[in-house]
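By convention in this document, chain letters (A, B, ...) are assigned in the order of the sequence lines, proteins followed by strands, and residues within each chain are numbered from 1. Reckoned from all heavy atoms, side chains included, excluding hydrogens, waters and symmetry mates.
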Amino acid sequence: MQQILTAHPPFNFDSTVRSHGWYQLAPIQYDAEQKVLYKPEQLDNGKVILLEVREHSEGIIAASPTQLTPAEHAEVVQKLRWMFLLDIDLSDFYALADHEPRLAHCRSKAYGRLLRSMTLFEDVVRVMMTTNIQWSGTKRLVGKLVEHFGTPLSQAATATTVDRAFPTPSAIAACYEVTQRGLGLGYRAPYLLKLARGIANNEINLEVFRDAQMATDPLRKELLKLPGIGPYAAATLLGILGRYDYIGVDSEAVSSVSRYFYGGQAVGEKEVYAIFGKWGKYKALAYWFWDFSGMQRSPIEQYDAKKSDS
DNA sequence: TTCCAGGGGTAGA
DNA sequence: TCTACCCATGGA
């Protein structure tokens, strides 16, 4: 299988892949030098294929060593368009960013797309594994989940060392909590189990989160109902879903805002929103792609001046 | 040893 | 809605 998929311009493959940490988590493997992303993916019919995705002048080019049926091919195309946000139009964001020196780089670098997983379950679990843990721990936990519960490739591949797809809800739902405890998931174990079992027995339907017609706030409320998903995780997932009204305020966000806008004094969510709130429906993108480099450590006075301008 | 991480759930106000 | 407290695990 080989397929070119066009993207709504501007598009940059490497910017999209590295837009946030997902490309470092199993079962994704990214060859930064060759700019090839490898992703084992389990199709709806259970078959696990390896996808190799590269940059293309018009978007991306995807290949798989496996022969696909027309239905499988269609599924892969749809999942790739979702994963790389090929259809998103960020021109409104760029129009705003052009006038902010610390965001003006976004248009030329095609910043703004936040890489997604192909299934919502994978994204929810990944975000869950970022809570109250260091990034190295997130990588470890997601790696263990894939290793332990992921389905192996249907056809052996040599291009990558990752040979399993991300686990399905039912694969996780079928295990005991103590099994997960053994993986070092800590207090996240019961949340993950509850999520997986909820999906497996149709009590939880993640597909509603793809509904573009649904307003952001009701969507956020639904996300907050998921086990193990609180304000930070919901905001992060909203960003992945293409809604940027909320900022995933984690220790890093607090630290950056404290350092660069409040002279190092202790701040919270309120202060993060005080700084980035003016970006309206693009708050999360403004924060995430903000160029903090070279910023003076204590421009709290500059911020106050800026605030009185607006 | 202590603190804390890309926080969430719960109880009580 | 806000706060205090507890939650497991591993890294620094």
Asks: B:dT1 and C:dG10: how far apart are their C1' atoms, nearest whole angstrom?
Replies: 15 Å
Asks: Can you check the A:Ile133 CD1 to C:dA8 P distance for me, whole Å?
Replies: 15 Å
Asks: Just how far, in rounded Å, is P of C:dG10 from CG of A:Leu183?
Replies: 11 Å
Asks: Describe the nucleic acid contact of A:Ala253 in one word from base, sugar-phosphate, nothing, applying a heavy-atom distance below 4.0 Å.
Replies: nothing
Asks: Would you confirm whether the ring centroid of A:Tyr287 sits within less than 6.0 angstrom of the ring centroid of A:Trp279?
Replies: no
Asks: Does A:Arg220 use its side chain to pair, donor to acceptor, with the backbone of A:Ala234 at less than 3.5 Å?
Replies: no
Asks: What nucleotide, of C:dA8, B:dG8, C:dG11, holds the atom closest to the side chain of A:Tyr232?
Replies: B:dG8
Asks: Backbone N or O of A:Phe84 within a donor-acceptor pair of the A:Thr16 side chain at under 3.5 Å?
Replies: no
Asks: Within this structure, what is the CD-to-P distance between A:Gln134 and B:dG7, rounded to whole angstrom?
Replies: 10 Å
Asks: Classify the side chain of A:Tyr191 versus the base of B:dG7 as yes if they form a donor-acceptor pair under 3.5 Å and no if they do not.
Replies: no
Asks: If I take atom OH in residue A:Tyr187 and atom C1' in nucleotide B:dG8, what distance separates them, rounded to the nearest angstrom?
Replies: 6 Å
Asks: The side chain of A:Arg140 is closest to which nucleotide in this list: B:dG7, C:dG10, B:dG6?
Replies: C:dG10
Asks: Is A:Leu226 touching bases, backbone alone, or none of the nucleic acid, heavy atoms closer than 4.0 Å?
Replies: sugar-phosphate
Asks: Look at all strands and tell whether A:Gly137 reaches a base, only sugar-phosphate, or nothing, counting heavy atoms closer than 4.0 Å.
Replies: nothing
Asks: Please state how far atom CG in A:Leu141 lies from atom C1' in B:dG6, giving the value in whole angstrom units.
Replies: 13 Å
Asks: Less than 3.5 Å between a donor and an acceptor, one on the side chain of A:Asp250 and one on the base of B:dA5, is that the case here?
Replies: no
Asks: Please state how far atom NZ in A:Lys270 lies from atom P in C:dT3, giving the value in whole angstrom units.
Replies: 9 Å
Asks: Given atom NZ of A:Lys139 and atom C1' of C:dG10, what is their separation to the nearest angstrom?
Replies: 15 Å
Asks: When you compare C:dT3 with B:dG6, how far apart are their C1' atoms, in angstrom units rounded to a whole number?
Replies: 23 Å
Asks: Kindly say whether A:Tyr111 contributes a backbone atom to a donor-acceptor pair with the side chain of A:Ser15 at under 3.5 angstrom?
Replies: no
Asks: From the options C:dG11, B:dG8, B:dG6, select the nucleotide whose nearest atom is closest to the side chain of A:Thr131.
Replies: B:dG8
Asks: If you assign each of A:Leu224 and A:Arg188 to its closest nucleotide in DNA chain B, which residue comes earlier from the 5' end?
Replies: A:Arg188
Asks: Determine whether a donor-acceptor pair (N or O, by modelled atom type, separation under 3.5 Å) exists between the side chain of A:Arg81 and the backbone of A:Gln78.
Replies: no
Asks: Using whole Å, what does the distance between atom P of nucleotide B:dG6 and atom CG of A:Leu114 come to?
Replies: 18 Å
Asks: NA contact type, A:Ile229, heavy-atom cut-off 4.0 Å: base, sugar-phosphate, or nothing?
Replies: sugar-phosphate
